[in-house]
Amino acid sequence: MEYEIPIPPENFIKLIGYPGYKEVGETFFGYFKDLCGLQPEEKLLEIGCGVGRMAVPLTRYLKDGGEYIGIDIVKDFIDWNRQNITTRFPNFNFVWADIQNRFYNPAGFLKDEVYLFPFQDQTFDMVILISVFTHMLEEGFFRYVSEVSRLLRPGGRCFATFFMLNPLQAQLYKQGKNQIDFSISHGVCKTVEGIPESVVSYPEDYVKQVFTSNGLQVREPVYYGWWSGREDFISFQDMLVAVKEG
């Protein structure tokens, strides 16, 4: 179908990665329904909403009280989303968070490890983070997972993507099959040369531990990506679904 919402500028699309703006959005929309059971009347928060790639297909789906809120640290993205999405779909709103990130927002005022999302407890049925933890170091990662747990209603779902380090990934690394060389240790995580936040990976066991310690039960299986050189994969990055206890 033709999108009523225009395609963002090419320089914006390059910043959010993943070639194929429409195609990627539609693919993840399928994940939200099939893997997480997203319903049209639910309230969804996207952390790291970028320039509307996930929001656009959801505009056809979230009805009957359904609501979407996107939050991002790049103000230009938020401005574009408000002008091109919110004006057409009032149940889609966007919030700018002036959080410092050496890759995306180096002049940001706030630190991610202390950031408090501006929403009430147990507000959302689902929280999604696409390629957010892949640009975040340990302190910020733990803080965000804690906040996701606070914001989710009991039984609510979190859908998040990662570059996860595990025994098979390590074996494929030795064979030269990983697409990214995470060679720099940075605390518990590993990064590449240059700006640490440009690409970040975490041990899979640590990821699950952080979620569990914050009352979020990781649902098996984890959906591994082809970045590590696996032959069985769904997407490029690794994906998981976690459910709020209670």
Side-chain angles (χ1 to χ4, degrees), residues 1-18 20-99 101 104-105 108 115-133 135 144 147-148 150-153 155-161 235 239 241 244:
M1 64 167 289
E2 290 297 322
Y3 277 53
E4 179 185 353
I5 299 168
I7 298 296
E10 187 64 27
N11 61 317
F12 283 4
I13 293 177
K14 287 181 178 178
L15 271 177
I16 61 174
Y18 277 115
Y21 181 83
K22 292 181 182 179
E23 294 79 7
V24 171
E26 292 291 348
T27 297
F28 276 85
F29 172 47
Y31 298 153
F32 304 151
K33 291 191 300 178
D34 298 340
L35 304 181
C36 304
L38 178 66
Q39 299 299 308
E41 69 278 5
E42 291 189 309
K43 188 168 184 177
L44 182 149
L45 171 66
E46 181 177 9
I47 298 173
C49 64
V51 65
R53 182 174 50 190
M54 303 301 159
V56 169
L58 288 166
T59 59
R60 307 192 311 266
Y61 186 72
L62 293 180
K63 311 288 183 182
D64 303 323
E67 184 179 353
Y68 168 103
I69 297 178
I71 189 166
D72 204 280
I73 66 176
V74 180
K75 189 175 185 299
D76 286 345
F77 291 172
I78 296 301
D79 291 342
W80 189 93
N81 292 330
R82 288 171 175 170
Q83 180 178 350
N84 293 281
I85 300 178
T86 304
T87 54
R88 293 169 168 85
F89 298 92
N91 60 329
F92 281 67
N93 293 284
F94 297 88
V95 177
W96 178 47
D98 191 15
I99 298 171
N101 180 285
Y104 280 106
N105 190 26
Y115 184 70
L116 182 70
F117 283 86
F119 312 111
Q120 296 294 321
D121 295 1
Q122 300 185 15
T123 295
F124 299 97
D125 300 292
M126 186 169 164
V127 177
I128 61 177
L129 306 96
I130 310 301
S131 203
V132 172
F133 296 134
H135 299 287
Y144 271 39
E147 281 291 277
V148 167
R150 179 181 69 82
L151 296 173
L152 279 175
R153 295 166 179 157
R157 295 87 68 208
C158 172
F159 179 96
T161 72
S235 187
M239 308 183 301
V241 178
K244 173 72 175 292

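Note that the coordinates shown come from a computational prediction; the quantities given were computed from them, not determined experimentally.
For the pair Val127 and Leu129, the minimum side-chain heavy-atom distance is below 4.5 Å. Looking only at side-chain heavy atoms (C-beta outward), Ile7 and Lys22 come within less than 4.5 Å of each other. Looking at Leu45 and Ile128, their side chains never come closer than 4.5 Å, going by heavy atoms from C-beta outward. Under the 4.5 Å side-chain criterion, counting only non-hydrogen atoms from C-beta, Phe29 is in contact with Glu26. Side-chain contact between Val24 and Met54 is present, with at least one heavy-atom pair separated by less than 4.5 Å. Side-chain contact check for Ile47 versus Val148: some heavy-atom pair is nearer than 4.5 Å. For the pair Val51 and Tyr21, the minimum side-chain heavy-atom distance is below 4.5 Å.
A centroid separation of less than 6.0 Å is found between the aromatic rings of Tyr31 and Phe28. Residues Tyr68 and Phe94 bring their aromatic ring centres within 6.0 Å.
Between Tyr115 and Phe117, the angle of the ring planes goes over 60°, which puts this pair in the perpendicular group of the 30/60° scheme.
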Side chain to side chain contact (heavy atoms under 4.5 Å, CB included) between Trp80 and Asp76, intermediate numbers included: CA-CA 6 Å; Trp80 189 93; Asp76 286 345; over 6 Å; no
Between Phe12 and Val74, is a side chain to side chain contact (heavy atoms under 4.5 Å, CB included) present by the stated rule, with each step listed? CA-CA 10 Å; Phe12 283 4; Val74 180; over 6 Å; no
Does Ile69 form a side chain to side chain contact (heavy atoms under 4.5 Å, CB included) with Thr123? I'd like the steps, not just the answer. CA-CA 11 Å; Ile69 297 178; Thr123 295; 5.9 Å; no
Evaluate the criterion side chain to side chain contact (heavy atoms under 4.5 Å, CB included) for residue pair Thr161 and Phe159; output intermediate values, then yes/no. CA-CA 7 Å; Thr161 72; Phe159 179 96; 4.2 Å; yes
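Contact detail for Cys49 and Asp72: the closest heavy-atom pair is N-OD2, 3.2 Å. Taking each heavy atom of Arg88 and Glu4 in turn, the nearest pair found is NE-O, 3.8 Å. Closest non-hydrogen pair, Ile5 versus Thr59, comes out as CD1-CG2, 4.2 Å. The minimum heavy-atom distance between Pro6 and Asn84, with the atom names listed, is CG-OD1, 3.2 Å. In terms of heavy-atom proximity, Val241 sits nearest to Cys36 at CG2-SG, 3.8 Å. Listed here is the closest heavy atom pair of Thr87 and Gln83: OG1-O, 2.6 Å.
Rounding to the nearest 0.5 Å places CG of Asn105 at 13.5 Å from NE2 of His135. To the nearest 0.5 angstrom, Leu116 atom CG is 8.0 Å from Leu151 atom CG. To the nearest 0.5 angstrom, Asp98 atom CG is 11.5 Å from Ile78 atom CD1. Atoms CD and CG, on Glu67 and Leu62 in that order, are 9.5 Å from each other to the nearest 0.5 Å. How far CG of Leu58 is from CG of Asn91: 10.0 Å, rounded to the nearest 0.5 Å. In this structure, CE in Met126 is found 5.5 Å from CZ in Phe32, a value given to the nearest 0.5 Å.
In this structure, Asn101 contributes its side chain and Ile73 its backbone to no donor-acceptor pair below 3.5 Å. One N or O on the side chain of Tyr61 and one on the backbone of Leu38 form a donor-acceptor pair closer than 3.5 Å.
With Asp125 as reference, Arg153 is the one residue of Lys43, Gln39, Arg153, Lys244 to meet the side-chain hydrogen bond (donor to acceptor under 3.5 Å, both in side chains) rule.
Annotation for Glu41: atom CD counts as buried by contact number, over 12 foreign heavy atoms lying within 6.0 Å.
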